[in-house]
> 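Submitted below is the structure of interest, expressed as structure tokens.
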Amino acid sequence: MEDKKTIRTVKSEPVHNIIMESRHKLSVSGVNDVESFNEEEIVLHTDMGALIIKGAQLHINKLSVEIGEVSMEGNIDSMEYSDKRTNKGAGLLSRMFR
């Protein structure tokens with residue numbers, strides 16, 4: 001008689017981590033897309049919703065789409081999650097006339 005082993009697969013939740021060092025360096029995992037960025041604001045789409053990072057002299061050092069990681073530097077003032085900015089279908093004109 002053959003021994004049959006049952007393998008169960010458990011669906012895990014997406015991994016989303018934020019590591020900040022002294023409000024000057026930030027690493028974010030679970031990033032699906034970078035919507036926009038400039039020296040004062042970076043908008044990321046993550047597995048947990050849109051993440052808005054505000055500050056001064058913000059620069060993206062590393063962007064890895066394959067593994068979903070972003071590293072940045074600058075003077076970080078705030079981080080906020082927002083579901084309002086997750087409209088990927090919204091074009092430039094619809095964003096201008098909000």
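Position 1 is the first residue of the sequence; numbering continues from there. Just so you know, these numbers come straight off a predicted model, no measurement behind them.
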> Once rounded to the nearest 0.5 Å, what's the spacing between atom NZ of Lys62 and atom CD of Glu73?
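Going from the NZ atom of Lys62 to the CD atom of Glu73 covers 13.0 Å.
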> Looking only at non-hydrogen atoms, find the nearest pair between His16 and Ser29 and report the distance.
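Distance-wise, the nearest heavy atoms are ND1-O, 2.7 Å.
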> For side-chain contact (heavy atoms from CB on, under 4.5 Å), just list the numbers for Asn17 and Val28, CA-CA rounded to whole Å, side-chain angles, deciding distance to a tenth of an Å, and then say yes or no.
CA-CA 6 Å; Asn17 294 310; Val28 183; over 6 Å; no
> For the residue pair Met79 and Ile52, establish whether any side-chain heavy-atom pair is separated by less than 4.5 Å.
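No - every pair of side-chain heavy atoms lies 4.5 Å or more apart.
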> Drop me the distance from Ser71's OG to His59's NE2, to the nearest 0.5 angstrom.
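Here the interatomic distance stands at 14.5 Å.
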> Under the side-chain contact (heavy atoms from CB on, under 4.5 Å) criterion, do Val65 and Val34 qualify, and how do the steps go?
CA-CA 9 Å; Val65 178; Val34 177; over 6 Å; no
> When you compare the side chain of Val43 with that of Lys54, does any pair of heavy atoms fall below 4.5 Å?
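A side-chain contact is absent here, since even the closest heavy-atom pair is not under 4.5 Å.
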> Taking the side chain as everything from C-beta on, heavy atoms only, tell me whether Val31 gets closer than 4.5 Å to Leu51.
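No, their side chains stay 4.5 Å or more apart.
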> I'd like to check Lys25 versus Ile76 (side-chain heavy atoms, cut-off strictly below 4.5 Å). Are they in contact?
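They are not in side-chain contact.
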> So which atom in Ile53 and which in Leu58 form the shortest heavy-atom distance, rounded to 0.1 Å?
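It is O-CD1, 3.9 Å.
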> Drop me the distance from Ile60's CD1 to Leu44's CG, to the nearest 0.5 angstrom.
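Atom-to-atom, Ile60:CD1 and Leu44:CG are 6.5 Å apart.
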> So, taking the atom named CE in Met20 and the one named CE in Met72, what distance separates them when rounded to the nearest 0.5 Å?
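Interatomic distance, Met20 CE to Met72 CE, rounded to 0.5 Å: 10.0 Å.
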> Taking the side chain as everything from C-beta on, heavy atoms only, tell me whether His45 gets closer than 4.5 Å to Glu35.
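They are in side-chain contact.
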> Taking all atoms of both residues into account, what is the closest heavy-atom pair of Thr46 and Gly49, and its distance?
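Taking Thr46 first and Gly49 second, the nearest heavy atoms are OG1-O, 2.6 Å.
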